[in-house]
Amino acid sequence: MARRNLLWLASYPKSGNTWTRVLLANYLFNAKTPVPINQVHRLGIGDSVAETYRRAAGGRFDPADIKATLALRPKVLRGIAANGADVNFVKTHARRGRLAGVELVPPELTRAAVYILRDPHDMVLSYARHYGGTPEDAVAAMAREDHIVLGEAGSAVQFVGNWSRHVESWTRTRRFPVVVIRYEDLKADPAAGFARILELVGVPVEAERLERAIRFSSFEEMQRQEAAHGFIERSARAERFFARGESGRGRRELSPELARRIAEAHGPVMQEHGYL
């Protein structure tokens, strides 16, 4: 019988998932110096790591092959759940739901989820920079129901979809517990927001340890490490991964036309989560 031990760290791309994982790694590893950002993968695994799909395929695998990725996804996730751990952290940008008959986030393997969302005004700027496009490209992408992040050398296709449907698919499910965290709230009060995540994980919240993890996960520290050693998750189309991490910049810099398009496409969900 399948074990329900997957704990998803879920978000739309460029919404704070990486920072959340760095925070978790620094707290759970309880190191006396900052955990190297290039070792954060020790915390868990992503659901789009191409090498796991190659192993599941038993040989060749094209990360850009949508049909092959979908066909292998159930086997990949069952393999993660079968590793004997009580909890498996799994990073994902996938929406919940079925696609071509495949359950992208199987409830029968899932223990719980943390869902991080971010003001789409800010997210589109970060998305455009990371993927080498324009804010106009990002706004158009997040409105598409069939939006995918194309597979690259180390990462298989990611089934992202429309931003509003993505948020709803995770925040409204009753199939397993979900802690919903706004990126802006985590920045404003990281101790309070992160304590909620630790409680979901089932780890005691220790004040001194939490303060140290927050300090070791500061944006300045992540930028320093990236400048010195690079970051394995940086897109080949971006100069750096940790650029600004600001809140509110999108509302200042996006054109009124783009802001209007975002509100027209996603107004109800933005309203629900305090972004309008």
Side-chain angles (χ1 to χ4, degrees), residues 8-18 20 46-48 63-67 69-70 73 77 90-107 110 113-152 155-176 178-184 235 237 247 250-251 254-276:
W8 299 91
L9 303 174
S11 70
Y12 209 79
K14 306 311 297 178
S15 296
N17 200 311
T18 299
T20 303
D47 66 345
S48 63
D65 188 326
I66 294 173
K67 289 184 178 180
T69 301
L70 274 174
R73 185 177 177 89
L77 297 180
V90 183
K91 172 199 172 182
T92 188
H93 292 313
R95 63 171 177 81
R96 281 194 65 255
R98 299 182 74 84
L99 184 60
V102 175
E103 191 74 64
L104 297 177
V105 181
T110 297
V114 175
Y115 187 75
I116 310 105
L117 73 158
R118 186 182 188 185
D119 186 338
H121 298 90
D122 294 325
M123 186 273 290
V124 296
L125 291 182
S126 184
Y127 187 103
R129 179 184 51 77
H130 182 74
Y131 290 110
T134 65
E136 289 80 4
D137 295 333
V139 170
M142 66 186 285
R144 292 204 308 269
E145 299 293 342
D146 63 348
H147 177 44
I148 61 171
V149 175
L150 292 174
E152 299 178 315
S155 180
V157 172
Q158 299 176 72
F159 305 99
V160 176
N162 172 286
W163 181 83
S164 292
R165 303 293 83 74
H166 194 286
V167 173
E168 290 175 330
S169 75
W170 285 96
T171 62
R172 297 184 180 182
T173 184
R174 298 294 180 266
R175 304 293 299 274
F176 45 80
V178 180
V179 165
V180 180
I181 302 284
R182 298 195 326 161
Y183 175 83
E184 298 77 21
S235 164
R237 287 162 283 186
S247 295
R251 293 178 184 272
L254 284 181
S255 69
E257 170 60 19
L258 278 185
R260 181 190 63 77
R261 286 170 55 189
I262 292 172
E264 282 187 351
H266 308 289
V269 174
M270 291 173 68
Q271 183 79 44
E272 178 182 352
H273 293 282
Y275 293 130
L276 279 183

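Worth saying up front: this structure is predicted, and the values here are computed from it rather than measured.
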Are the charged groups of [X] and [Y] less than 4.0 angstrom apart, N to O?
{"X": "R260", "Y": "E257", "answer": "yes"}
{"X": "E272", "Y": "R172", "answer": "yes"}
{"X": "K14", "Y": "D122", "answer": "no"}

Closest approach of [X] and [Y], non-hydrogen atoms and distance?
{"X": "S169", "Y": "T173", "value": "O-CB, 3.8 Å"}
{"X": "S164", "Y": "A265", "value": "OG-O, 4.0 Å"}
{"X": "T171", "Y": "Y115", "value": "CG2-CD2, 3.7 Å"}
{"X": "E184", "Y": "D119", "value": "OE2-N, 2.8 Å"}
{"X": "F176", "Y": "A113", "value": "CE1-CB, 3.8 Å"}
{"X": "G161", "Y": "Y12", "value": "O-OH, 2.8 Å"}

Discussion item. With no hydrogens and no angle check, just 3.5 Å: does a side-chain donor-acceptor pair link T20 and N17?
Written reply: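 No - no donor-acceptor pair under 3.5 Å links their side chains.
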[atom1] of [X] to [atom2] of [Y]: how many Å apart, nearest 0.5 Å?
{"X": "F159", "Y": "L70", "atom1": "CZ", "atom2": "CG", "answer": "3.5 Å"}
{"X": "M142", "Y": "H266", "atom1": "CE", "atom2": "NE2", "answer": "3.5 Å"}
{"X": "M123", "Y": "Y183", "atom1": "CE", "atom2": "OH", "answer": "13.0 Å"}
{"X": "R182", "Y": "I116", "atom1": "CZ", "atom2": "CD1", "answer": "14.0 Å"}
{"X": "L125", "Y": "L254", "atom1": "CG", "atom2": "CG", "answer": "4.5 Å"}
{"X": "E145", "Y": "R95", "atom1": "CD", "atom2": "CZ", "answer": "8.0 Å"}

Item to complete: Decide yes or no for R118 and Y127: does some side-chain heavy atom of the first lie under 4.5 Å from some side-chain heavy atom of the second?
Response: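 In short, these two side chains do not touch, never coming nearer than 4.5 Å.
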Practice prompt. State, yes or no, whether a side-chain contact exists between Y275 and L117 at a heavy-atom distance under 4.5 Å.
Written response: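 SC-SC contact between Y275 and L117 confirmed.
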